Amino acid sequence: MRRFRFRRHSLLPGFGPALGYTLLYLGLLVLLPLGGAVLKAAGLSWADFWRLVSGPRAAAAFRLSFLAAFGAALINAVFGFIAAWVLVRYTFPGRRFIDALVDLPFALPTSVAGIALTALFSRNGWIGALLEPLGIRVAFTPLGVLVALVFIGLPFTIRTVQPVIADLDREAELAAASLGASAWQTFRRITLPAVLPAVLTGFALAFARGIGEYGSVIFISGNLPLRTEIVPLLIVTRLEQYDYAGATALAVAMLALSFVMLLTINSLQAWSRRRR
Amino acid sequence: MNPFRPPIRPVPLLLTLVALLFLLGFLALPLAIVFAGALQQGIKHYLAAISDPMALAAIRLTLLAAAIAVPLNVIFGLAAAWAIGKFRFPGRQLLITLIDLPFSVSPVVSGMVYILVFGMQGWLGGWLAARGVQVIFAVPGIVLATLFVTLPLVARELIPLMESQGTEEEEAALTLGASGWQTFRRVTLPNVRQGLLYGVILCTARAMGEFGAVSVVSGHIRGLTNTLTLHVEILYNEYQSAAAFAVASLLALLAVVPLVVKAILSRHEH
């Protein structure tokens with residue numbers, strides 16, 4: 001009779017210690033503290049929890065965080081797709097340089113991004129001065145939050161869509177064209193369906209990142225309660241006032257949201273892999 | 001008209017212009033303004049800002065946090081990639097998702113969970129305080145928050161790499177009489193060295209550049225619990241814009257390193 005095995009047979013040694021260490025490290029650093037936060041919130045009654053996450057200030061913060069993250073992800077989905085297409089399909093001077101630059105928002109500390117964007121979009125900044133005569137103010141308005149989240153989410157769509165465009169079957173496009181399809185028809189019927197799962201994955205990743213973003217937003221937003229205050233900032237404000245119950249309630253709501261986004265992203269990625 | 005010359009196509013031209021405007025506007029301009037802002041009052045002022053004692057204290061703390069966080073996360077990344085990349089077991093996918101968890105949590109929440117555990121009102125805070133150990137608003141808290149946010153970086157570079165390389169080479173080494181440790185050191189490590197190098201660089205850059213999580217646990221005590229990113233914030237809020245950008249330019253240079261390394265590595269691939 002075969003003995004039950006937890007893992008498939010392998011010649012290689014060291015599975016036990018490696019997995020054990022992985023679980024211990026992950027457990028101590030991530031799972032225990034996160035679990036502790038959730039337990040702390042579990043000490044709140046449902047009514048208290050609801051009051052803490054739905055008061056006027058919290059509701060306004062959630063609305064702004066949600067709308068700005070959604071808008072930024074949408075802008076990144078559209079322009080990120082165009083940028084990915086251009087970076088893969090066309091050659092132009094400086095392409096490698098620009099391609100390398102795409103990862104900048106991953107690497108640049110968010111406080112640096114925050115003060116740079118604020119300087120760029122303030123009324124006498126390089127871009128802000130151009131927008132001022134048009135009556136558009138970015139810094140210290142909800143629009144500023146949007147701009148910061150576009151910057152932070154920029155690499156996600158590009159980096160998820162790029163490999164898919166590179167792998168596209170060009171013969172299918174040529175076949176469609178030779179059968180008389182217009183360029184637009186070829187794009188809509190052949191290219192878009194193949195790339196769509198990756199675009200949606202990028203959208204979800206950018207949205208998830210945007211909801212929780214803190215550093216790059218707080219400088220450009222001006223942080224006016226009810227108007228330009230995002231949820232992570234409200235958490236920090238409550239922590240600074242030693243309102244741990246209020247901060248925990250918001251944090252747990254955010255954690256639940258991240259968890260839903262994580263599940264969404266995983267199923268989108270699975271769908272994307274099946275499509276390819 | 002020469003039929004072999006490609007016609008000038010307006011759509012690619014238009015798309016390229018849109019993409020370049022978008023990318024340069026959102027990437028090159030912010031990077032450029034950091035350096036322009038840093039030098040707005042001249043090189044003398046720049047050097048004074050980055051050699052200020054508070055700035056030097058911030059540099060020291062930032063280096064310390066990275067010096068602790070990076071090696072620990074490298075060991076974790078190697079162990080996790082060995083277990084997940086080279087073996088098949090139930091729950092593998094779930095484990096990968098859990099390792100990615102710090103990426104999907106808001107940095108503010110990451111810092112806050114440590115306050116709930118180690119803060120004065122937290123699970124362990126009172127017990128530790130009675131023994132004279134302070135974690136929150138002190139250096140250990142900053143190290144913990146840095147560990148948390150950089151935890152996935154090395155593992156996530158190595159797991160797909162080890163998985164794609166399979167186990168045949170290791171099996172060959174073992175059959176030829178190498179010990180498990182020899183096999184790992186002589187076969188596995190050299191095979192993943194590029195991914196490891198990139199992971200380490202990315203992890204270092206992130207460890208030195210984390211802001212949100214560190215900000216929550218730091219308490220912003222100047223000279224004591226102030227990292228470089230927090231120093232940027234303090235200077236900026238005190239309207240010392242040139243000094244803030246000067247310190248920020250150090251961090252921006254640091255952030256460019258992984259981009260350059262990645263570009264060089266991908267050039268070798270082709």
Side-chain angles (χ1 to χ4, degrees), chain A residues 6-8 10-15 18-19 21-22 25-26 29-30 33-34 36-37 40 79 82-83 85-86 90 92 96 98 100-101 103-104 107-113 115-117 119-120 126 150-151 154 208 212 214-215 219 232 235-236 239 244 247-248 251 254-255 258 261-262 266, chain B residues 12 15-16 18-19 22-23 26-31 33-34 37 76 79-80 82-83 86-89 97-99 101-102 104-109 112-117 121 123 147-148 151 167 170-171 174 180 205 209 211-212 216 229 232-233 236 244 248 251-252 255 258-259 262-263:
Chain A
F6 171 62
R7 64 178 164 92
R8 217 183 291 168
S10 168
L11 271 178
L12 304 196
F15 175 71
L19 185 68
Y21 183 73
T22 305
Y25 191 83
L26 197 63
L29 262 176
V30 177
L34 280 179
K40 195 95 176 173
F79 288 95
I82 296 173
W85 183 267
V86 167
Y90 305 145
F92 51 88
R96 296 186 68 94
I98 291 171
L101 208 58
D103 284 328
L104 183 73
L108 196 69
T110 52
S111 59
V112 176
I115 65 170
L117 290 172
L120 213 50
W126 295 350
V150 169
F151 172 83
L154 189 141
Y214 173 71
F219 295 95
I235 293 180
V236 172
L239 281 175
Y244 287 144
T248 312
M254 296 275 288
L255 279 176
S258 321
M261 287 311 298
L262 205 61
N266 276 351
Chain B
L15 288 178
T16 308
V18 169
F22 178 66
L23 293 177
F26 270 102
L27 299 172
L29 284 184
L31 197 56
I33 209 168
V34 170
F76 166 74
W82 182 258
K86 299 288 185 187
F87 298 88
R88 293 284 167 280
F89 56 94
T97 307
L98 288 179
I99 290 175
L101 206 55
S104 25
V105 175
S106 169
V108 167
V109 176
M112 192 194 123
V113 296
Y114 287 111
I115 294 188
L116 293 183
V117 176
Q121 332 247 311
W123 305 104
L147 273 171
F148 182 97
L151 179 136
T167 56
E170 280 84 359
E171 280 162 12
L174 288 167
F211 174 70
V216 170
T229 53
V232 170
E233 181 194 19
Y236 188 81
L251 289 163
L259 310 188
K262 193 178 168 194

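The sequence lines fix the lettering, A, B, ..., with proteins before strands; numbering per chain opens at 1. Computed from a predicted structure; not experimentally measured.
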Please identify, among [options], the residue contributing the most non-hydrogen atom pairs under 4.5 Å to chain A.
options: B/V117, B/L23, B/V18; answer: B/L23
options: B/G209, B/P102, B/G212; answer: B/G209
options: B/I115, B/V216, B/L151; answer: B/L151
options: B/W123, B/F22, B/Y114, B/F148; answer: B/F22
options: B/V109, B/V113, B/L27, B/V105; answer: B/L27

State, yes or no, whether a side-chain contact exists between [X] and [Y] at a heavy-atom distance under 4.5 Å.
X: A/F79; Y: A/V150; answer: no
X: A/S10; Y: B/F87; answer: yes
X: A/V30; Y: B/L98; answer: no
X: B/M112; Y: B/L116; answer: yes

Checklist outcome for this item: Cut-off 4.5 Å, heavy atoms of chain A, and the answer for B/L101 is side chain
Checklist entry - Can you say whether B/L174 sits under 4.5 Å from chain A via the side chain, the backbone, both, or neither, judging by heavy atoms? => result side chain
Relative to chain B, which segment of [X] carries a heavy atom at a distance below 4.5 Å: side chain, backbone, both, or neither?
X: A/F92; answer: side chain
X: A/L262; answer: side chain
X: A/M261; answer: neither

Partner chain B: residue of [options] with the largest heavy-atom pair count (under 4.5 Å):
options: A/L154, A/N266, A/I235, A/L255; answer: A/L154
options: A/A247, A/A119, A/S258, A/A18; answer: A/A18
options: A/W126, A/F219, A/W85; answer: A/W126
options: A/G215, A/P13, A/A208; answer: A/P13
options: A/L239, A/I98, A/L19, A/L120; answer: A/L120
options: A/I115, A/L34, A/L108; answer: A/I115

Next on the checklist: So, using side-chain hydrogen bond (donor to acceptor under 3.5 Å, both in side chains) as the criterion, who are the partners of B/T167 when residues are at least two apart?
Outcome noted: B/E171
Next on the checklist: Can you confirm whether more than 12 heavy atoms, excluding those of A/Y25, are under 6.0 Å from its OH atom?
Outcome noted: yes
From [X] [atom1] over to [Y] [atom2], what is the distance, rounded to the nearest 0.5 angstrom?
X: B/L31; Y: B/F26; atom1: CG; atom2: CZ; value: 15.0 Å
X: A/F151; Y: A/L117; atom1: CZ; atom2: CG; value: 6.0 Å
X: B/L147; Y: B/F76; atom1: CG; atom2: CZ; value: 11.0 Å

Checklist entry - Partners of B/E170 by salt bridge (charged side-chain N to carboxylate O under 4.0 Å, His left out), sequence neighbours excluded? => result B/K86
